[in-house]
Amino acid sequence: MAVVAEPTRNRRRRRSGPHARREARIGLLFVLPCFLLFLAFRFGPAVAGVLMSFTDYTLTGGGSFIGADNFTRLKDDPLFWDALKVTVVYTVLAVPGTIAVSVGLALLTRRAFRGSKVFRSVFFLPVVTSLVLAATVFVWIFSTGGPWSTAMGWIGLPEESWLSHDTLVVPALALVGIWSRFGYGMLILLARMQDIPRELEEAALTDGAGPWQRFRYIVLPQLRPALFFLAVIETTASFQVFDAVYTMTGGGPANSSYTLVFQLYDAGFKYFDLGYAAAIGVALFALTLVVALIQRLTIGKED
Amino acid sequence: MTLIHHRRSRTRAVAVPLLATALAGVALAGCGGSDGAGGGKGSVTMWTYPVIFDEAKNEAYWDGMVEKFEKQNKDISVKVETYPWADRDTALGTAIASGKGPDVVYLVPDQLPKYAPNIVPAGDYMPADAKSDYTDFALESVTVGDDVLGTPILTSANPLICDKRVFEAVGEDSYPETWDDLKALGPKMKDEGYYALSYTGDTAQTLNMTFYPLLWQAGGEVFAEDGESVAFDDPAGVEALTYLTEFVEEGWTPKDLVTTTPNLEQTPVAKGKVACTWTNVATDVEPFWGRENIVVQPPLTGEESAGYGTVGALSMLKGADTEAAGKWINFVARPENAADLEKGAGYFPARTSADDLYPDDQLQQAVAATLPSMNAGPLEEKAREVMGVLAPELQAALLGKKSPEDALKAAAEAADAQIAR
């Protein structure tokens with residue numbers, strides 16, 4: 001007689017009774033401080049930001065309610081659409097790039113070997129390095145006569161600075177983004193890979209599966225929850241790209257790397273047009289939410 | 001025993017989160033607290049920046065001023081806070097918006113129109129004899145409309161500076177005075193592996209220091225006289241941008257600097273590969289060129305000779321104790337008190353009655369001689385928005401993506417829309 005294991009979720013029963021309720025209350029009390037801080041420093045400012053987007057709030061404060069005027073202005077602002085395009089292109093390059101490099105390095109370092117911990121630490125270093133500091137070095141790397149341009153010359157490409165090129169500037173920034181983020185992705189995927197039972201791969205190996213087949217049919221499906229998490233986190237981070245752009249290109253050349261957050265920054269802190277800046281923030285939030293939902297329906301649909 | 005232990009555990013279980021909640025509440029209450037200034041004694045908080053590049057010297061100067069002032073004004077206490085130059089408007093704007101701004105702040109002219117609604121006009125506290133003592137350049141640079149919005153404490157100039165070593169290396173013994181002179185240097189310098197000019201086109205840089213001097217030299221202006229529209233797209237603007245574009249196209253200026261601003265030590269300027277520039281000042285290049293190799297020239301002449309200079313001023317923000325803050329500002333602005341700040345930073349007095357700070361310094365004498373040709377930039381509320389739309393279009397023209405005419409026309413349309421808003 002076959003023994004069918006009961007699914008884990010069915011084994012958990014909701015406990016009830018006075019003891020359980022008391023425990024729940026205590027649990028809620030423990031959560032309360034964090035919840036209050038969240039309300040004050042996350043939720044509150046977010047709601048205030050949304051409210052501000054319906055005003056013409058400026059430095060002097062006391063902005064008046066102007067309905068959806070900021071959003072109408074946004075719709076008619078060519079700079080917003082250009083910035084949105086740049087942000088999307090950056091995201092399309094940076095997110096898959098980061099995930100691909102993260103998967104590759106996690107695969108390389110997942111088995112313990114002499115020095116594997118050193119490699120993992122080294123790969124994680126960019127995550128804890130100040131991006132502003134690193135970006136200053138990348139300005140030199142990408143400059144004409146710098147290592148990157150020189151290397152391009154070796155393979156027969158023009159030796160000009162990618163940061164001065166209207167088409168290549170976003171790929172250059174995406175490379176910096178990938179460099180700064182892959183360590184985090186690698187760590188998440190490594191943790192997930194440690195949980196994959198070795199027996200599964202060993203069985204596949206016995207059945208004659210090659211490395212690619214083992215990766216494609218054993219490892220990759222098991223990574224789906226972690227990949228979904230990474231995709232959402234990386235997409236959110238990419239939509240919010242700012243510091244590298246600010247340090248390396250200032251949004252140039254000729255607005256070729258001008259992103260949505262850069263526009264938000266300019267509107268809010270350069271021109272003190274805080275209502276309009278808040279409207280850009282709301283649009284960015286909506287965009288991130290929609291993309292996260294799409295990712296949920298595609299990559300994360302089984303979770 | 002078990003029961004007692006169980007009760008203790010329950011007590012602890014409830015007490016710990018309650019205590020944590022109380023602490024969180026205290027933390028939140030602290031966030032919204034008032035300044036809690038004590039009554040009776042007047043107080044002034046001032047925000048400034050490292051005007052003297054050496055921060056220790058800058059701090060020592062202000063500490064000395066505060067000590068001297070408080071000794072003379074025992075009923076007023078002054079606190080000077082020094083912030084980094086970077087993102088100073090972000091910090092100041094946010095502080096003002098949240099009601100936490102300082103009483104007095106160091107501002108330069110192009111900041112004044114933006115903060116005008118928050119500034120107490122200097123006419124409310126500036127003595128008449130002091131007002132008449134300021135140079136025209138200093139006073140006009142802090143006057144927005146009919147209001148003087150700051151008390152000048154120093155002036156500066158960005159003349160054309162040239163690297164003597166580069167000229168010697170190519171066998172050139174005359175330094176450029178006009179657009180044609182500089183243009184003639186272009187091919188000669190290029191043939192010898194040098195650049196005739198270093199121009200910074202990075203959009204993060206203020207156009208006051210980069211493109212506007214060229215525009216003024218061509219006889220153009222950024223804004224129309226009534227301030228209701230821009231004027232940089234007129235023939236003078238096109239001429240200025242065309243002139244600059246030729247330098248980029250011909251390789252007479254480093255192309256990378258059109259889009260990025262590396263650290264100065266990474267640039268051809270610091271490496272001794274550039275003949276002249278107006279986007280750096282003598283104090284910037286001195287560590288790389290050597291003081292003896294800096295040649296100061298008046299701003300280039302096209303239709304006229306004009307360059308960018310600025311004025312450092314102290315402005316009083318609304319909400320300040322007008323009497324106490326006014327006394328402090330007037331005290332710092334006295335020529336004998338401002339002198340150490342000016343000299344420490346390599347700048348110049350804003351008052352006509354001030355002593356010559358550099359009687360034996362030929363370099364500073366040469367820079368001071370260019371002060372009358374300086375312009376502090378347009379004092380219009382939307383000046384920065386205009387820069388925001390103009391700078392990328394200038395880059396587009398310099399990189400050959402647009403003609404100078406088209407770039408300026410596109411920028412003018414966007415700028416006029418900003419002004420009309």
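Heavy atoms only: backbone and side chains are in, while hydrogens, waters and symmetry mates are out. Here is the naming used below: chain letters follow the sequence lines, and residue numbers restart at 1 for every chain.
- Among B:Lys401, B:Gln418, B:Lys318, B:Lys255, the residue making the largest number of heavy-atom pairs under 4.5 Å with chain A is B:Lys401.
- Under the 4.5 Å side-chain criterion, counting only non-hydrogen atoms from C-beta, A:Lys270 is not in contact with B:Met387.
- How far OG1 of B:Thr90 is from OH of A:Tyr265: 3.5 Å, rounded to the nearest 0.5 Å.
- Other residues, nucleotides and ligands place no more than 12 heavy atoms under 6.0 Å from the CH2 atom of A:Trp154.
- Counting heavy-atom pairs closer than 4.5 Å to chain A, the top residue among B:Leu92, B:Thr94, B:Val258, B:Thr203 is B:Thr203.
- Comparing A:Gly251, A:Pro253, A:Ser143, A:Gly252 by heavy-atom pairs within less than 4.5 Å of chain B, the highest count is held by A:Pro253.
- Neither the backbone nor the side chain of A:Arg25 comes within contact range of chain B; no heavy atoms are under 4.5 Å apart.
- Other residues, nucleotides and ligands contribute only 12 or fewer heavy atoms inside 6.0 Å of the CZ atom of A:Phe43.
- The CG atom of A:Asp266 sits 9.5 Å away from atom CD of B:Glu385, with the distance rounded to the nearest 0.5 Å.
- To the nearest 0.5 Å, the span separating NE2 on A:His165 from OG1 on B:Thr259 amounts to 11.5 Å.
- Contact detail for B:Lys114 and A:Phe272: the closest heavy-atom pair is CG-CD1, 3.4 Å.
- Atom OH in A:Tyr271 sits 11.0 Å away from atom CZ in B:Arg421 (nearest 0.5 Å).
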Passes side chain to side chain contact (heavy atoms under 4.5 Å, CB included), A:Trp140 versus B:Asn263? Steps please. CA-CA 9 Å; A:Trp140 168 72; B:Asn263 290 332; over 6 Å; no
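- With values rounded to the nearest 0.5 angstrom, B:Gln395 atom CD is found 10.5 Å from A:Asp166 atom CG.
- Judged by distance alone, the side chain of B:Asp256 and the main-chain N or O of A:Thr144 form a donor-acceptor pair under 3.5 Å.
- Both the backbone and the side chain of B:Asp89 come within less than 4.5 Å of a heavy atom in chain A.
- The number of heavy atoms from other shown groups lying within 6.0 Å of CZ (A:Phe285) does not exceed 12.
- In this structure, A:Met248 and B:Thr260 approach most closely via the heavy-atom pair O-CG2, 3.0 Å.
- Contacts between A:Tyr246 and chain B at a heavy-atom distance below 4.5 Å involve the side chain alone, from C-beta outward.
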